[in-house]
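Report on the structure given below.
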Amino acid sequence: MQKTGVAQSSKRKLNQRAWAAAVVVTTGMLAAGSSWAQAAWPSKPVRIVVGFAPGGTTDVMARLVGKDLSEQLGQPVVIDNKPGASGNIAVSEVVRAAPDGYTFLVAPTTVETANPSLFKFNLNPANDLQAVAGMGKTQMYLVAKPGLAATNVKELVALGTQPGKQLAFASSGTGTAPHLACELFKQATKVNFVHAPYRGAAPALQDVMAGQADFVCDPGIAFQHIRSGKVKLLGIVSSKRSPFFPEVPTVAEQGFAGADLDIWFGMWAPKAAPPELVSRMSQAVAKALANPQVTAKYADLGAETVTMSTAAMKAKLKEEAQVLSTLITQQNIKAE
């Protein structure tokens, strides 16, 4: 009986050791399989969801970078436009997407830094998505109608404070970055300029050129009209001068600090996307932005290819959210 018990005990120990070895082998195979799957990424087309219509700055940036990404990754990069609600429709699309590294969002950073304060929408990009990389920026240009009796910011402010005088600024829509830039300008100058919202930057600029509105905070589409004299460039609504018009001083340089808002663009992924794939996409985006052809095409948009890592983008989002959420609350700005 004793020998039989010893034999059974030895058999149990052998079985336990075999089971433990099988677990180790299986775990190793799963880890290897996971690493292999990530190493093989991408094995099919990658989709970039754009929150705005084709032809706009966000869309063109996505297509320029997407073309370079396709060449780097060896797979097609498909641009999927989902315009609406200042980018919220596209945000919702990416939040619901499988977190497998095949769906990304490209949008202005305002989808995370301003939209949650503007919209009653059950989305919070800061929690529901993860930042991947910066995609560049455009500065904001204070552009006035040709017949306005002002050639700089101080003269515009003096004109706006004359008794019985009411100046109006156009924007691409309530809560958009150009609108918020002009609201910062109002705060800096303490002049009660009237807001005239339009459905897009192009129609807003058109009405300034036609004299229907006095000025606009333009995101860079007015360059040819500035150079042809169809509108006046009074100042740069940014912390530094524009590389495209280096002779024109910023609003702060003209005596009104605080009017400073660039439009930053970025890429996001679903919250649960593997960190390794997010890191690889971030590096690929940085490489695309270093392409001289992409840089030149960005310049045609009035944009700059500013490389921003995942960590740097997170810091920028946090900083911008503090400024814009405070502005929106103080000015009681509501989305249309």
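Residue numbers run from 1 in the order of the sequence given. Scope of the values below: all heavy atoms of this structure, side chains included, with no hydrogens, waters or symmetry mates.
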Give a yes or no answer on whether the side chain of [X] reaches the backbone of [Y] with a donor-acceptor pair at less than 3.5 Å.
X	Y	value
Lys232	Ala150	yes
Asp207	Ala210	no
Glu93	Asp80	no
Gln130	Lys271	yes
Glu183	His195	no
Gln139	Lys240	yes
Thr161	Ala158	yes
Thr329	Ser325	yes
Ser171	Pro197	no
Asp260	Ser239	yes

If you measure only the distance, is there a donor-acceptor pair under 3.5 Å linking the side chains of [X] and [Y]?
X	Y	value
Gln330	Gln187	yes
Ser172	His179	no
Ser238	Asp262	yes

Legend entry - Over 12 foreign heavy atoms within 6.0 Å of CD, Glu71: yes
Legend entry - Mutual orientation of the aromatic rings belonging to Phe215 and Phe185 [parallel < 30°, tilted 30-60°, perpendicular > 60°]: perpendicular
Enter the distance from [X]:[atom1] to [Y]:[atom2] here, rounded to the nearest 0.5 Å.
X	Y	atom1	atom2	result
Arg241	Glu247	CZ	CD	8.5 Å
Ile333	Ile328	CD1	CD1	6.0 Å
Asn291	Lys67	CG	NZ	8.5 Å

Inset, instruction - Could you tell me whether Phe223 and Phe244 have their ring centroids closer than 6.0 angstrom? - result: yes
Inset, instruction - Evaluate the criterion side chain to side chain donor-acceptor pair (under 3.5 Å) for residue pair Ser43 and Tyr102; output intermediate values, then yes/no. - result: CA-CA 9 Å; Ser43 59; Tyr102 288 93; 3.2 Å; yes
Legend entry - Lys297 side chain reached by Leu64 side chain, heavy atoms, under 4.5 Å: yes
Legend entry - Flag side-chain contact, heavy atom, 4.5 Å: Leu159 against Leu148: yes
Legend entry - salt bridge (Lys or Arg N to Asp or Glu O under 4.0 Å) partners of Arg63, counting only residues at least two apart: Asp59
Inset, instruction - Any chance you could lay out the side chain to side chain contact (heavy atoms under 4.5 Å, CB included) test for Met281 and Val46, step after step, and finish with the verdict? - result: CA-CA 11 Å; Met281 178 59 92; Val46 174; 4.2 Å; yes
Less than 3.5 Å apart, which donor and acceptor atoms pair up between the side chains of residues 301-319 and the rest of the protein, not counting sequence neighbours?
residue : atom : partner : partner atom : Å
Thr305  : OG1  : Thr295  : OG1          : 3.4
Ser309  : OG   : Ala312  : N            : 3.2
Thr310  : OG1  : Val132  : O            : 2.4

Legend entry - Test applied, side-chain contact (heavy atoms from CB on, under 4.5 Å); reference residue, Trp268; option that passes from Val91, Val111, Asp128, Val49: Val111
